[in-house]
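Worksheet for the structure shown next.
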Amino acid sequence: MTARILVAGIGNIFLGDDGFGSEVARQLVVAAGTEIGCDDVRVVDYGIGGMHLAYDLLEEWDTLVLVDAIPSRGAPGTLHVFQADHDSDCHATGLDAHSMDPQTVFASLRALGGNPPYTVIVGCEAGSVEEHLGLSEPVAAAVPRAVGAVQRLVAALLSSAPAEQEC
């Protein structure tokens with residue numbers, strides 16, 4: 001049995017640093033020829049398409065890696081890698097085709113009859129989420145570090161998969 005990993009860049013490119021996840025996904029796709037070149041790893045920029053992600057999660061994925069901007073704690077550009085807590089999103093229910101926060105996506109997935117896979121979030125503290133195109137300087141500088149973090153995470157997840165895995 002092989003590990004299947006979905007890497008999902010999420011965010012709104014029209015809201016400054018909120019486009020972080022989309023930019024990391026774009027950079028991962030550019031680098032995919034060598035670093036993430038496995039059939040069991042898919043990298044997708046979902047943008048603000050929460051229902052698209054929920055439907056894709058109905059497939060059998062072992063791990064979801066969400067790449068997203070997170071609220072700033074005072075240090076824009078700081079990366080955080082953490083495991084999602086699926087138990088804390090129990091208050092969100094129903095389908096919401098217009099929302100992209102992870103809790104709403106997981107609630108939509110459950111409403112469709114699925115369950116979220118093991119989920120790791122690679123988040124970057126946002127500086128500005130005002131309406132404009134482009135990342136702020138500290139968040140843009142974090143993109144290559146996030147790409148490397150996702151590549152290392154995927155490599156570690158694949159190396160812990162059963163030996164049948166060949167990429």
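The backbone N or O of Pro117 lies less than 3.5 Å from a partner atom in the side chain of Thr119, making a donor-acceptor pair. A donor-acceptor pair under 3.5 Å links the side-chain atoms of Trp61 to the main chain of Asp56, judged by distance alone. Here the side chain of Arg145 pairs a donor or acceptor atom with the backbone of Gly77 at under 3.5 angstrom.
The CG atom of Asp85 sits 8.5 Å away from atom CD of Gln83, with the distance rounded to the nearest 0.5 Å. Atoms CG and CG, from Leu53 and Leu64 in turn, are 6.0 Å apart once rounded to the nearest 0.5 Å. How far OG1 of Thr78 is from CD of Glu125: 4.5 Å, rounded to the nearest 0.5 Å. Rounded to the nearest 0.5 angstrom, Ile10 CD1 and Ser22 OG are separated by 8.5 Å. Here the CZ atom belonging to Arg4 is positioned 14.0 Å from the CG atom belonging to Leu157, to the nearest 0.5 angstrom. Between Asp62 atom CG and Tyr118 atom OH the span is 12.0 Å, to the nearest 0.5 Å.
A continuous path of hydrophobic side-chain contacts links Val105 to Leu58 [ILVMFWY only; heavy atoms under 4.5 Å]. Taken together through direct or relayed side-chain contacts under 4.5 Å among Ile, Leu, Val, Met, Phe, Trp and Tyr, Val154 and Leu79 form part of one hydrophobic cluster. In the hydrophobic clustering of ILVMFWY residues, with side-chain heavy atoms under 4.5 Å counting as a link, Leu158 and Leu153 come out together. A continuous path of hydrophobic side-chain contacts links Val29 to Val147 [ILVMFWY only; heavy atoms under 4.5 Å].
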- Query: Given the rule in the side-chain contact (heavy atoms from CB on, under 4.5 Å) test, do Arg42 and Ile5 qualify, once you have shown the distances and angles that lead to the verdict?
  - Reply: CA-CA 6 Å; Arg42 185 186 310 163; Ile5 302 167; over 6 Å; no
- Can you list the steps and then say if Asp68 with Phe20 is a side-chain contact (heavy atoms from CB on, under 4.5 Å)? CA-CA 6 Å; Asp68 196 8; Phe20 173 79; 5.9 Å; no
- Applying side-chain contact (heavy atoms from CB on, under 4.5 Å), run through Leu6 and Val44 and close with a yes or a no. CA-CA 8 Å; Leu6 177 60; Val44 179; 4.2 Å; yes
- side-chain contact (heavy atoms from CB on, under 4.5 Å) between Val43 and Val150, intermediate numbers included: CA-CA 10 Å; Val43 178; Val150 171; over 6 Å; no
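By the neighbour-count criterion of 12 heavy atoms within 6.0 Å, atom CD of Glu59 is densely surrounded, having more than that number from other residues, nucleotides or ligands. With a 6.0 Å radius and a threshold of 12 heavy atoms from other residues, nucleotides or ligands, Phe14 has its CZ atom at or below the threshold.
Listed by first and then second residue, the salt bridge (Lys or Arg N to Asp or Glu O under 4.0 Å) pairs involving residues 8-23 are Glu23-Arg26 (not counting sequence neighbours).
When all heavy atoms of Leu112 and Tyr55 are compared, the closest pair comes out as CD2-OH, 3.6 Å. The heavy-atom pair separating Pro76 from Pro138 by the smallest distance is O-CB, 3.4 Å. Contact detail for Leu109 and Ala54: the closest heavy-atom pair is CD1-O, 3.4 Å. Residues Ala84 and Ile121 approach most closely at CB-CD1, 4.1 Å, considering heavy atoms. When all heavy atoms of Val24 and Ala146 are compared, the closest pair comes out as CG2-CB, 3.8 Å.
For the pair Gln151/Leu28, a side-chain contact is recorded, criterion being any heavy-atom separation below 4.5 Å from C-beta on. Contact annotation: the side chain of Cys124 never approaches that of Ile70 to less than 4.5 Å [non-hydrogen atoms, C-beta and beyond].
In this structure, Leu15 stands alone, with no Ile, Leu, Val, Met, Phe, Trp or Tyr side-chain heavy atom under 4.5 Å from its own, directly or through other members.
Qualifying ring-ring contact (aromatic ring centres under 6.0 Å, His included) partners for His52, counting only residues two or more places apart in sequence or in other chains: Tyr46.
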